[in-house]
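Naming: A, B, ... by sequence-line order, numbering from 1 per chain.
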Amino acid sequence: MKKRLKILLPCIAILLLLATALVLLGRLVEPKYLTEQKEGGLVRDYYKETSSHDVLFVGDCEVYENFTPATLYRDYGITSYIRGSAQQLVWQSYYLLEEMLKTETPKVVVYNVLALKYGEPQNEAYNRMTLDGMKNSLTKWRAVLASMTDEESFASYVLPLLRFHDRFGQLKGEDLTAIFDRPTVSYKGYLMQTGVEGGVSDREGIPLTDYTLPERSMEYLEKMRLTCEEHGVELILIKSPTNHWKYYWYDEWDEQVKDYAASHGLTYYNFIPLCEEIGIDWNTDTYDKGAHLNVYGAEKLTVYFGKLLQETHNFDDRREDETIKTEWNALVDAYQAAKGKEK
Amino acid sequence: MEKLLEILSSLHPEVDFASCGDLIEEGILDSLDIVTLITEINNAFDVQIPAEEVIPENFESAAAIWALIQKLDEE
Amino acid sequence: MQVSSAIFVLFLALTILLYYLLPKKWQWGLLLVASYCFYLSQGVQYIGFLLYTTVVTFVTGILLSRRAEREDAFVEAHRGDWNKEERKAFRAKEKKARFRILLAGLILGFGLLAVLKYTAFAATTVQSVLSWFGDAKIKIPSLLLPLGLSFYTFQSMGYLIDLYRKKSKAEKNFFKFALFVSFFPQIIQGPISRFGDLSEQLTKPHAFSRDDFCAGLFRVAYGFFKKLVVADTAMIGVRYLYAHTDTMRGVYVVLLIFLYSAEIYGDFTGGIDITLGVARMMGIRLAENFNRPFSSQSVKEYWRRWHITMGTWFTDYVFYPLSVSNGMQKFSTWSRKHLGNAVGKRLPVYFATIVTWFLTGLWHGAGWNFIVWGLLNCFAILFSQELMPLWNAFGKHFAKLSASKFFYCFRAARTFLLMGLFRSLDVYKDVPLTFSLWSSMVTRWNWGELFSASGLTSFGMSTWQIGVMLFGVLCIVIATNLGKKTPLWDRLATKPVLCVSLVACLVILILTLGSYGIGYDAADFIYGQF
Amino acid sequence: MKQHLLKSIVLCLALCLLLPAAVSCQGEPPHEPQANEEDYFSIGKIRFAVGQVVTEETLAPLGAQTREPEEAPNCAFDGKGKLYSFSGFEIETYVKNGLTYFYGVYFLDDSISTEKGITIGSTKDEVIAAYGQANDAKEGSLTYHRKGMDLVFFFRDDRVTRIHYLFTVS
């Protein structure tokens, strides 16, 4: 028996070494999303949070580019976080929400309904950006299984090395410095866009043959609603303001979301018709001709939405909360500085 | 046995087959010779050397070839 | 399920684990189930053909064996009252009858291969011949080509011929026979095993032996390393060169010879290493298919070192029977009488060689490029056979030089280049195009272009990929030299800890340097489409 | 019987040997890729291959553009799709791995017809007569699935109001 152990133990040690080496190599070659394509770093920023939040946003680029947690805190003392990512699909939003609700219980969860139009996995690149940021957990593996396109393999999510090994030849500085600790790329999930490229488009969306929202999307929306109900959290549905023929929000879709919200007693704000009231000027408040807002547009929208939230809920004013004041004020200062610099 | 030696020397007159031990190893009999040899033996001794018997051991020396012919004849 | 994929590795681990956990008498049953699962995963529609060949061969085998037993029993019974003549006549009559059974089996077995693999090719050829005489429209059938069809058909037909020659006894248990035909590691890419060597090993219970397990494990890892790091990386360059034959001429054709040699060596010997490694982990020894082929001194020797089991198959079952058959003997006596001894002696053997190589080419693929490739190999062998006296004379005069290391390397390089040249027919596929490309190697002198600064990345591979491939080739050269006397995996068999650590290093190298995954869609094993 | 059989096999193999010499020097049988019309789509008279790369020259034969092309940004990647406006139709493109492909072609008025002569204003029966039963018939539209693209006709009171070519993103 002893002789056998003399061989078995070193072999097991070697296998463990191999496993760690593969994980480390994976961290070395996976894209870090620190300088370009920062959208890939949004999901992982959340793990740097130390305190809980009153409001949680989930959804795609129409949340992480159109709302700013710094403004909500500065003007209304409401603490919030945006767990958004590029083309975040409904089931990914659901699993991210499920992960966050394990560690904190906000008063309100805000979900942007644009992604309801995607009924099945869309694109490998967006999947990777959303899912690679998540910490390994059962929730992540279920999210991966729900999101994978045909060409993707589950193993390449467990070991990112299997997917990104060809980046070995093009490693950059940041790949080496940021193997373990990766700085945040956003302001509590808000990705600042300071460019200005306005333009009023009079074009309508391109007609479709079928306007019914996919069944799978509604199924996961229902799951999201039930999870919020279970945790005693209010789910608010919103449709961010956009003014672009490519991101057109068809009235038929709007009807279906309205019916769903009404039948389940949810609040649903469609901000598109409210643009004047919010004060959005499509010549200065967008950086890509109306598809997304820039920081000035986001500021206006957040102020308006903050007022709405205060009128309908009573949030404590966290600006007096000593435990988190310093952290949030630092965020507001950094946000103001970055915003101001561009003015 | 004499007839066999006769056939062998018709192929390579310069070789003394009676004594020589490794016809294949030495390269005396190459694949061309073997095919011709088989044809001659089949005609002369009215045997059928099947393909699977065409292995170096059977053609190593005149004695080995003779043993093969006997075996086929006895079958 | 592709062989070079994660699922295959899991399937492998599970099969081997179960293999040693199950009671010994079920081991071969598990192998059969695993083999059919593996084959089903390649495509459900292929299973019918595999079953067809298995049943046809099994039944023919039983008939042949029973007939032979009855023959021997009958001769034994009449040992006393028959003289030699009667016995010989009876044997001849029985042999004829058995030959008819064999022939039926061969026609059914090879018939399937011919129909599936060659009808489309035959149709296109007939169409092209007809098109010389005006427009001809023939519907070219696109037929299903089951994976490994050529390999398991040849293995089954070899079994039948062995039975006809009474070299082995027929397998009475259908399932055991089905395992012999479909044993999963070898069904896709060979080696083409002989019933006598393999069947008994497959059904014999195997106790877990740490040495075999380590040796097999290392060999599998080494096979994957060759396949994913060398072959699939080189393939990127080969595909580019093939796709751009209008610009990639001259020196790039020479480049293709080296790249494709690296690709096919890595892919084929890597695949065989995985197959033999997997079998070795289960205590089963399959026939070696390679023996340092690129060190061979002549084309003839090359074909005794490359794809050995195919070479011996064609020699045992085509070349020798043909050259020893009555028809050939009559032809040989006729030609020796009329054309004199020198020519007479050569003609039958040359004819048999040409026919064998024609069939070898045809076996490699249904296309004129394969047939021309086969014939080129054949002429190279016959040509060097004719030059034998010249070489011998050269050897006597310059004994020191011809024994020198330099001359050894020169001959090895010459054979390597020649075989690489012929093999490029596989890549370019179109025969006249290939010939024009070969001529461009001499007519178009653009060596400077390749070795200029931008030249290195002008054939579709990044400098990183070139570096990875060269590193892989270097590793293979070192490993081959280390394993000259006893193969590397046998030396590591007795040192488990060193073996496991080397396997771990190989796994890291494969996963970091290999060309696989979404960017590359790791190619099916080249021989997988056979 | 055996000699006879072997002789015939050897004979026919010998015959086969003669064929390669003749055929190979003449080259592979010239079979030009039969242009099966599923691989093409046409805008008026001009034909394009489904899935082809789109460049400025590709669009040149379609005539002058009525207005500046509009951009269609996507969430994270810089490759922007474009919407080109021509007289009577619009063309939308998308970018993948740095190359531009067709995403959609939208007919606006009856000055342009499909390769089977259907224009805006044609009746539903004319469409069915030209293209047969639709793969996906809905109350206001008929969709025909083709290799790499969909052909969509929108209707109001049995008259074609719009025609779309929608290309599958590879």
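By the 6.0 Å contact criterion, CD on A:Glu215 is open, its count of non-hydrogen atoms from other residues, nucleotides or ligands being 12 or less. The number of heavy-atom neighbours closer than 6.0 Å to NZ of A:Lys102, taken from other residues, nucleotides and ligands shown, is above 12.
A:Leu22 touches chain C through its side chain: at least one heavy atom from C-beta onward sits under 4.5 Å away, while N, CA, C and O do not. Using a 4.5 Å cut-off between heavy atoms, A:Leu162 contacts chain C through both its backbone and its side chain. Only the side chain of A:Glu124 comes within contact range of chain C, with at least one heavy atom under 4.5 Å from a heavy atom of that chain.
Going from atom CD of A:Gln170 over to atom CH2 of C:Trp464 covers 9.5 Å, rounded to the nearest 0.5 Å. One distance of note links CD1 of C:Ile508 with CG of A:Leu17; it measures 8.5 Å at 0.5 Å rounding.
If you tally non-hydrogen atom pairs under 4.5 Å between each of C:Val500, C:Thr512, C:Val507 and chain A, the highest count goes to C:Thr512.
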If you apply the rule side chain to side chain contact (heavy atoms under 4.5 Å, CB included), what do you find for C:Val497 with A:Ile14, and how did you get there?
CA-CA 9 Å; C:Val497 177; A:Ile14 289 166; 4.1 Å; yes
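C:Leu511 approaches A:His165 most closely through the heavy-atom pair O-CB, 3.2 Å.
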